[in-house]
Chemist: 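Dropping the structure in here first, questions after.
One-based numbering along the sequence shown.
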Amino acid sequence: MACVAGVLLVAILQAVPAHASDPDTEATAGREIAALIEAVGESGCRFQRNGRWHPPAAAQAHLQRKLETARRRGLHGGAEDFIARIASRSSLTGRAYRVRCGDGPEQPASDWFDLQLQRLREADSSRSPR
C-alpha cells in the first residue's frame, strides 16, 4: 500500500510545473502555502479524507506532512499547485477531500482552499501601498 502511495505521489509531483527560480516568487508561494495550511487549523471546519472526518488541527498536520514529503521529492510551485496537487485529494486513493464548516453544506476542499487563497490575496493587496 505504501508503495502505491509513493508511486501516486511521484506521478503527481511530476505533473507539477516547476516555477522559475525567482526568489520573490518562491517566497510569495511559500508564504501563501503556509497561510493556507494555517487557515485550515484556525478554520473550525472539519475535513473529510477518504471517507473519515477530521478536526481542523488534524487536517492542518496532515497537509503539513504531505507538503514536507512533496518538497523532499522536489515539489515546486505556487499556492494553486499546492491546492490542486496536495490539499484537494488523497495521494493514496485519489479521492477528493471535502470540507464542512459549522452547519453549512459540505464542499470540495479545492473550492474551500480557492476561496481562502482569494481572501488572502485580497487582504494582501489592500495592505500594499498603491
Chemist: Rounded to the nearest 0.5 Å, how far does OG of Ser110 lie from CD1 of Ile83?
Modeler: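 These two atoms lie 8.5 Å from each other.
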Chemist: Gln64 and Glu68: side-chain donor and acceptor closer than 3.5 Å?
Modeler: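 Gln64 vs Glu68: donor-acceptor pair found between side chains.
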Chemist: Test of understanding: with side chain to side chain contact (heavy atoms under 4.5 Å, CB included), list the residues that count as partners of Ala57, not counting sequence neighbours.
Modeler: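 Ala57 satisfies side chain to side chain contact (heavy atoms under 4.5 Å, CB included) with no residue once adjacent residues are dropped.
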Chemist: Rounded to the nearest 0.5 Å, how far apart are CD of Gln48 and CH2 of Trp53?
Modeler: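 The distance works out to 4.5 Å.
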Chemist: Walk me through whether Leu115 and Arg119 qualify under side-chain contact (heavy atoms from CB on, under 4.5 Å).
Modeler: CA-CA 6 Å; Leu115 179 60; Arg119 289 176 177 167; 3.5 Å; yes
Chemist: Would you please name every residue forming a side-chain hydrogen bond (donor to acceptor under 3.5 Å, both in side chains) with Arg98, sequence neighbours left out?
Modeler: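 Per chain and number, Arg98 pairs via side-chain hydrogen bond (donor to acceptor under 3.5 Å, both in side chains) with Glu106.
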Chemist: Partners of Gln107 by side-chain hydrogen bond (donor to acceptor under 3.5 Å, both in side chains), sequence neighbours excluded?
Modeler: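 side-chain hydrogen bond (donor to acceptor under 3.5 Å, both in side chains) list for Gln107, sorted by chain: empty.
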Chemist: Once salt bridge (charged side-chain N to carboxylate O under 4.0 Å, His left out) is applied, what residue pairs with a partner in residues 27-44 remain, sequence neighbours excluded?
Modeler: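 Sorted result for residues 27-44: Glu32-Arg121.
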Chemist: Just so I know, are the side chains of Val40 and Leu36 near enough to count as touching, which here means a heavy-atom distance under 4.5 Å?
Modeler: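 The answer is no; the side chains never approach within 4.5 Å.
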Chemist: Got a sec, which residues hit ring pair (Phe, Tyr, Trp, His ring centres under 6.0 Å) with Phe47, two or more places apart in sequence or on another chain?
Modeler: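 Partners of Phe47 by the ring pair (Phe, Tyr, Trp, His ring centres under 6.0 Å) criterion, ordered by chain and then number, come out as Trp112.
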Chemist: Over all heavy atoms of both residues, which pair between Leu63 and Ile86 is shortest? Give the atoms and the distance, please.
Modeler: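 Taking Leu63 first and Ile86 second, the nearest heavy atoms are CD2-O, 3.9 Å.
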Chemist: Report the residues that fulfil side-chain hydrogen bond (donor to acceptor under 3.5 Å, both in side chains) with Arg65, sequence neighbours left out, ordered by chain and then residue number.
Modeler: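 For Arg65 there are no side-chain hydrogen bond (donor to acceptor under 3.5 Å, both in side chains) partners, ignoring immediate neighbours.
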